[in-house]
Amino acid sequence: MIVDTDGREYVDGCSGTICVNIGHGVPDVLEAISRQSRLVTFAHRSQFRNQPVEDLSAVILSITGHGYREVVYTNSGSEAMETALRLAMHHHAGTGRNIIVSQRPSYHGMTVGALAVSGHPPRRRNLEGLLNGAAKLEQVSSSCDTEILPSLEDWLSVLERMDPARVAAVVLEPVGGAASGGAETDVRTLRGLREFCDRTGALLIADEVMTGFGRVGEWFGVTKSAITPDLLVTGKGLSGGYLPIGACIVGERVMPGISVAEVSMGHTMSGNPLAAAAALAVLTYTRDHQLVSRAREVGAYLRRELALIAESVPFLRPPRGRGLLLGVGIEQDPADFATTPLNRRIVDAALRNGLLVYPSGVDARSQSVMVCPPLTIRDKEVEMLIARLTRAVSESFVAEHVGGA
Ligand SMILES: Cc1ncc(COP(=O)(O)O)c(C=O)c1O
């Protein structure tokens with residue numbers, strides 16, 4: 001529960017921006033931050049290593065398992081995506097490979113490189129001039145009117161049409177967030193893209209900023225497919241919102257024998273000991289309290305309940321997503337979407353009913369309301385979430401029906 005300064009209570013149905021995975025004010029995390037703050041709060045990685053970062057990397061690499069060798073730290077998910085893109089370019093330096101292929105819709109961050117590979121027209125508005133770097137971008141869209149994300153065939157037809165020897169990297173979110181509200185890239189497509197990259201030498205980058213560290217009921221969004229992307233991009237749930245940190249987890253195939261932490265340079269605050277101590281405490285808490293399986297179980301229940309709500313309202317579509325990264329799709333005429341998107345209306349009605357949910361999608365087809373509570377949500381709060389969402393949806397339905405606001 002979240003209480004505002006006027007004493008109003010809200011059920012947190014979206015973990016802030018799908019980031020506060022273990023809730024606020026967890027004593028273990030506050031204590032870890034406080035302990036670290038008394039030891040050292042800054043140590044530049046070009047001069048010193050620091051213990052929280054060393055320990056955090058060991059934990060992250062124990063979670064990813066085989067196939068990864070190094071973790072490069074940043075202050076955000078966007079910067080972690082920038083790091084992955086830079087590493088892909090370094091990896092292919094001198095080979096003429098400079099095409100990055102991503103999908104539409106997608107969202108990879110607000111910094112210039114990350115936004116350049118994002119299939120998110122509203123967030124790119126007025127910025128196209130900034131987004132035409134040396135790397136060439138290709139985007140793959142679904143060829144089917146009723147599907148949000150491209151199929152393996154859609155991907156391969158674009159990839160094979162261009163010269164595969166020019167492709168530096170393929171980038172995707174295993175389960176979509178801000179751009180596609182829980183739309184999933186299926187296992188067959190993930191495996192097919194891994195196979196394409198193995199065959200052609202391109203790198204596979206999985207953007208796990210939203211999906212990573214338990215949110216989808218597995219440690220990562222790609223876990224289910226058993227593939228090993230070359231670069232895993234993370235943020236958000238890594239520190240659960242306690243302090244800013246992102247990380248790019250580097251696979252063994254990327255620049256073998258070279259320290260990527262040095263090549264990627266990073267930022268003044270990268271590898272900050274305080275942020276690393278917070279992240280370490282969050283991952284330890286996640287593991288000790290079995291929150292990954294909790295996300296899977298509560299997510300399965302919540303998804304069934306969302307399906308029931310969706311069945312009873314003509315403009316809702318069946319829920320999509322996995323674990324506690326869920327989105328309820330919305331059916332709306334594109335012209336009406338352009339003026340009054342229904343997802344915003346539902347989010348506003350939810351707020352009035354004491355529930356925080358998140359609007360997502362780039363157009364009428366992908367719009368949704370995301371329902372992504374913290375992994376620690378209690379059973380009673382799940383019931384409150386469902387009741388308040390039901391009320392918000394029926395208020396929006398009435399408004400929609402009478403053509404009101
Ligand atoms: C999939 C994905 N990638 C990257 C980002 C960017 O992360 P940040 O906002 O921490 O820069 C986000 C943020 O929403 C995201 O959902």
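One is the number of the first residue; the rest follow in order along the sequence. None of the values given here were measured: they were computed from a predicted structure. All ligand and atom numbering here is 1-based and tracks the order in the structure.
- Here H44 pairs with nothing under the ring-ring contact (aromatic ring centres under 6.0 Å, His included) rule; sequence neighbours left out.
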Which atom pairs, one a donor and one an acceptor, fall under 3.5 Å between side chains of residues 140-147 and the rest of the protein, sequence neighbours left out?
| unit_1 | atom_1 | unit_2 | atom_2 | d |
| --- | --- | --- | --- | --- |
| S142 | OG | C144 | N | 3.0 |
| S142 | OG | C144 | O | 3.2 |
| S143 | OG | D154 | OD1 | 2.6 |

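- Defined by atom type and a distance below 3.5 Å, a donor-acceptor pair is missing between the side-chain atoms of S106 and E173.
- Under the 4.5 Å side-chain criterion, counting only non-hydrogen atoms from C-beta, Y107 is not in contact with V362.
- In this structure R199 satisfies the side chain to side chain donor-acceptor pair (under 3.5 Å) test together with E160, E195, sequence neighbours excluded.
- Between E381 and R378, at least one side-chain N (NZ, or NE/NH1/NH2) sits under 4.0 Å from a carboxylate O, which counts as a salt bridge.
- The protein residues lying under 4.0 angstrom from ligand 1, judged by non-hydrogen atoms, are S76, G77, S78, Y107, H108, G109, E173, D207, V209, M210, K236.
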